[in-house]
Amino acid sequence: MVERAAATHRALERTGVEVLEVVAQDNKVVVAFAMTARHIGTWPSALGGVPASGRTVTVRTIDVLTLTGGLVSGIWVVSDEAGMLSQVGASLRQ
């Protein structure tokens, strides 16, 4: 998981982040945001590696963070991968 996240960060040159919503309850914090980035490297999608397109994309993501002792001890990430595939011109059909 860490390597996939690192590869995604290498593939996308972040140009902006818009926080859409933050909800906190007990030991959970949920953050919904839209990240704008330029696709500059091979992105490791569920369909396989997608070569750099140079396109600017906006990816909507929801992070669910679990906090223990004030530190993040768990994370779930839900990202609109199909939307990103479409924006970079990758085919959803194989």
- Got a second to check how far Ser53's OG is from Arg38's CZ, nearest 0.5 Å? 9.5 Å
- Identify the heavy atoms of Val88 and His39 that sit nearest to each other, and give their distance. CG1-ND1, 3.4 Å
- Taking C-beta and beyond as the side chain, do Thr66 and Ile75 meet within less than 4.5 Å on heavy atoms? no
- Check each of Thr58, Val17, Val59 against Thr36 using the side-chain contact (heavy atoms from CB on, under 4.5 Å) test, and report the only one that passes. Thr58
- Message: Using side chain to side chain contact (heavy atoms under 4.5 Å, CB included), reason through Ile40 and Leu12 one step at a time and then give a plain yes or no.
- Response: CA-CA 6 Å; Ile40 60 168; Leu12 300 174; over 6 Å; no
- Query: Considering residues at least two apart in sequence or located in another chain, which fulfil the side-chain contact (heavy atoms from CB on, under 4.5 Å) criterion with Val31?
  - Reply: Val19, Val22, Val29, Phe33
In residues 42-51, what donor-acceptor pairs under 3.5 Å come from side-chain atoms, sequence neighbours left out?
unit_1: Ser45; atom_1: OG; unit_2: Leu47; atom_2: N; d: 3.0
unit_1: Ser45; atom_1: OG; unit_2: Gly48; atom_2: N; d: 3.4
unit_1: Ser45; atom_1: OG; unit_2: Gly48; atom_2: O; d: 2.8

- Please answer: with hydrophobic residues joined when any side-chain heavy atoms are less than 4.5 Å apart, are Met84 and Val77 in the same cluster? yes
- Query: If you look at every heavy atom in Val57 and Gln87, which pair is closest and at what distance?
  - Reply: CA-OE1, 3.2 Å
- Message: Name the residue from Thr61, Asp63, Ile62, Thr8 that meets the side-chain contact (heavy atoms from CB on, under 4.5 Å) definition with Ser79.
- Response: Thr61
- Task: Carefully, step by step, assess Arg14 and Met35 under the rule side chain to side chain contact (heavy atoms under 4.5 Å, CB included).
- Result: CA-CA 7 Å; Arg14 187 181 303 189; Met35 178 185 76; 3.5 Å; yes
- Who are the salt bridge (Lys or Arg N to Asp or Glu O under 4.0 Å) partners of Arg10, not counting sequence neighbours? Glu3
